[in-house]
Number of protein chains: 2
Amino acid sequence: MEITGRDQDILRATILCYIKTATPVGSRTLTKISELGLSPATIRNVMADLEELGYLEQPHASAGRVPTEKAYRFYVDHLLGPTLSAGEGDGLLALRFTPSEDVTDTLQEASRLLSLLSHYAGVVVTPRFSSQRFKRVEFVRLGERQLLAIFVSEDGFIQHRRIEMDDAPSANQLRQIAEELNSRFRGQDLHAIRATLVEEMREHKHRYDQLMQQILDAAQGSPTQPPGDLYVEGKTNILDFPEFAEAEKMKALFKTFEEKYMMMTLIEKSLDGDGVRVFIGSENAALGVNNLSLVLANYRCGEHSYGTLGVLGPTRMEYDRVIPLVDQVARLLGEFLTHPARTDRAAG
Amino acid sequence: MEITGRDQDILRATILCYIKTATPVGSRTLTKISELGLSPATIRNVMADLEELGYLEQPHASAGRVPTEKAYRFYVDHLLGPTLSAGEGDGLLALRFTPSEDVTDTLQEASRLLSLLSHYAGVVVTPRFSSQRFKRVEFVRLGERQLLAIFVSEDGFIQHRRIEMDDAPSANQLRQIAEELNSRFRGQDLHAIRATLVEEMREHKHRYDQLMQQILDAAQGSPTQPPGDLYVEGKTNILDFPEFAEAEKMKALFKTFEEKYMMMTLIEKSLDGDGVRVFIGSENAALGVNNLSLVLANYRCGEHSYGTLGVLGPTRMEYDRVIPLVDQVARLLGEFLTHPARTDRAAG
DNA sequence: GTTTAGCACTCGACGTAACTGAGTGCTAAC
DNA sequence: GTTAGCACTCAGTTACGTCGAGTGCTAAAC
């Protein structure tokens with residue numbers, strides 16, 4: 001069942017060739033391109049074996065072979081190890097990264113960088129706000145029964161939420177609440193704060209119960225409000241690949257991009273460890289398209305909080321180039337978000 | 001040079017037929033469809049005249065005729081007058097409009113409504129913030145030299161802007177400034193406030209000069225920050241029309257949508273009066289596509305401020321249906337934004 | 001003078017058939 | 001185990017004929 005050394009070489013060569021040309025790879029082509037010194041007939045035999053094992057398939061009887069998802073999976077998991085560390089050096093990358101003072105701008109910039117350097121689409125999901133460290137809250141009255149709560153996190157993310165109330169608290173009450181929250185909870189994340197307060201409320205019931213509850217709920221975000229945001233840059237890069245040349249495929253791709261929310265939850269759910277992970281083709285079935293791959297990594301944002309970024313491209317993606325790129329950008333962005341001053345000085 | 005009554009009828013019939021079928025219209029087809037009681041030969045003669053005048057053209061010698069932009073222009077300007085008032089009644093429309101407490105959600109909802117009812121794409125541009133009436137400002141310190149200013153308008157729009165400072169004002173100073181601005185300027189628009197303050201500063205120079213200046217600049221918005229936002233809903237509706245069936249056309253459309261900023265400035269610039277206006281084909285050259293039309297109207301938002309909304313579709317658009325729709329949605333939205341309570345009660 | 005019928009002509013769309021070439025599988029020889 | 005040779009397959013392209021929608025023009029009818 002396992003694949004021998006030479007078979008692996010041929011599989012790798014087939015995949016690389018297909019990634020480059022997007023056309024089925026024939027045995028003759030491989031003899032020319034690869035340095036294996038084998039005749040077409042030999043390669044044909046091997047390819048027939050690989051097809052039987054499910055790594056290659058033929059679009060039609062008299063065509064060359066095309067790698068299956070299983071092949072890409074194997075390639076990424078087993079054939080790519082040694083190449084990966086040889087990224088093009090962080091230094092060069094850092095030069096092209098121009099972070100802004102505004103965190104969301106910086107994230108968008110990271111997305112743009114990913115798209116630019118990968119030639120695919122760059123994606124960045126903001127960290128879940130509720131897992132970030134709280135810095136400050138401020139209230140603004142919008143009307144008799146409406147309040148605007150502005151939450152600022154230590155890392156510079158800002159969210160405002162409208163709060164509907166039954167009672168209208170006085171300006172003083174609001175200031176009091178804000179001050180209490182600001183002085184007591186700075187540096188903790190919203191999850192923790194919420195837990196503490198819920199506990200506390202149970203013990204000493206005081207006047208602000210309901211309002212406080214609403215404020216905390218608002219901070220957590222309601223299920224209808226997405227918990228973060230998604231930046232996708234360079235969508236049009238993907239259009240130029242031949243796999244989306246037909247109108248139908250293109251329309252499907254278009255619809256995928258429209259469903260921003262779908263894509264965001266997919267990306268958010270799919271990753272909760274360290275390092276780069278690759279999701280190939282139908283592993284992203286939720287996208288509604290089965291010839292897209294995602295190369296994702298978490299980036300650090302402060303001590304406890306993570307967001308996700310990566311590259312979206314055709315299954316036939318240059319994984320060997322993209323994986324180290326995603327890794328590096330994630331590190332770079334994490335570095336900047338966690339120690340803005342240092343990176344700032346370096347970049348400015 | 002002018003077109004006689006019967007010629008107009010034939011032109012109208014041709015346009016209507018082409019809008020419906022998207023295929024070149026022949027003389028025979030017209031005799032069947034229209035109620036003119038004329039033979040194909042007669043219609044051929046008239047069509048030949050219309051072609052000479054630039055209202056029709058033939059894709060190739062032995063095909064039917066297709067309306068030119070000039071024809072659509074003429075149709076919209078002169079042949080559509082009587083039909084327009086006969087919209088499908090505001091009542092029905094109002095029922096399908098479900099405004100939210102959040103203004104931006106409401107705008108997005110309006111865009112969705114436009115897309116849903118027109119079967120094209122709905123677009124909404126938010127009002128320029130700087131022309132809205134000021135309600136309140138609040139400051140949050142983000143760091144040693146960073147300040148967050150939150151501006152709230154009377155109509156419920158919220159904007160926050162980061163401000164970089166040389167000096168760090170104390171919490172007291174900030175509160176003082178906020179209170180001064182809030183008590184003195186409520187209800188005026190930012191343009192006016194700025195003018196007043198600039199004047200005042202020239203007379204009595206006081207401590208906050210520079211900071212105040214920065215705050216005002218932030219409120220106005222910098223040139224790099226777009227002055228508003230754009231919501232486009234139902235992009236995929238447009239994909240299904242045969243004029244975008246070819247991959248190339250579709251790609252161009254895609255790229256148009258990517259350039260959100262371009263589209264927004266185009267829409268913002270093109271309208272500054274009352275009522276519905278129509279921009280046909282190459283009149284929207286800035287979009288990079290020349291077979292799209294825009295039907296736009298301003299909506300009122302408070303007393304002095306306007307935003308723009310409308311429908312984006314192929315040149316071959318059902319103007320007779322879309323124009324009253326855009327008109328009505330603009331009114332409805334304006335009504336809601338200006339007197340939220342009244343509309344709210346009616347809808348809830 | 002306007003309208004209509006008739007007719008020859010044009011030209012894209014569609015379908016069929018033949019050809020080409022890239023690529024395979026198999027068998028036999030090295 | 002590897003390679004050379006050969007027959008076979010099949011998508012893609014080209015060439016060609018047919019079809020039909022539609023036109024322009026001319027001459028007759030109203």
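Any value given below was found using the heavy atoms of this structure, including those in side chains, with hydrogens, waters and symmetry copies removed. Here the structure is a predicted model, which is why all the values come from computation and not from measurement. Labels below follow one simple rule: chain letters A, B, ... track the order of the sequence lines, proteins then strands, and each chain is numbered from 1.
Salt bridge Lys251(B)/Glu248(B): present, at least one basic N to carboxylate O contact under 4.0 Å.
Rounded to a whole Å, the CD1 atom of Ile43(A) is 17 Å from the P atom of dA22(C). Per the geometry, CD1 belonging to Ile10(A) stands 12 Å off C1' belonging to dT2(D), to the nearest Å. Taking atom CG on Asp49(B) and atom C1' on dG24(D), their separation rounds to 13 Å, with Å as the unit.
Checking the phosphate oxygens (OP1, OP2) of dT23(D), a side-chain nitrogen or oxygen of Ser27(B) falls inside 4.0 Å. For the pair Arg65(B) and dG24(D), the criterion of a side-chain N or O lying under 4.0 Å from OP1 or OP2 is met. Contact check, Arg44(B) against dA21(D): no side-chain N or O comes under 4.0 Å of OP1 or OP2.
Between the side chain of Arg28(B) and the base of dG22(D), no donor-acceptor pair of N or O atoms lies under 3.5 Å. For a distance-only test at 3.5 Å, the side chain of Ser62(A) qualifies as a donor-acceptor partner of the base of dT9(D).
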Trace of the salt bridge (Lys or Arg N to Asp or Glu O under 4.0 Å) decision for Asp9(B) with Arg6(B):
CA-CA 5 Å; Asp9(B) 291 344; Arg6(B) 199 185 60 180; over 6 Å; no
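Side-chain atoms of Ser293(A) and Tyr319(A) form a donor-acceptor pair, as typed in the model, at a separation below 3.5 Å. Side-chain N/O atoms of Thr14(A) and Tyr55(A) include no donor and acceptor closer than 3.5 Å.
The side chain of Ala41(A) has dA4(D) as its nearest neighbour among dA4(D), dG22(D), dG24(D).
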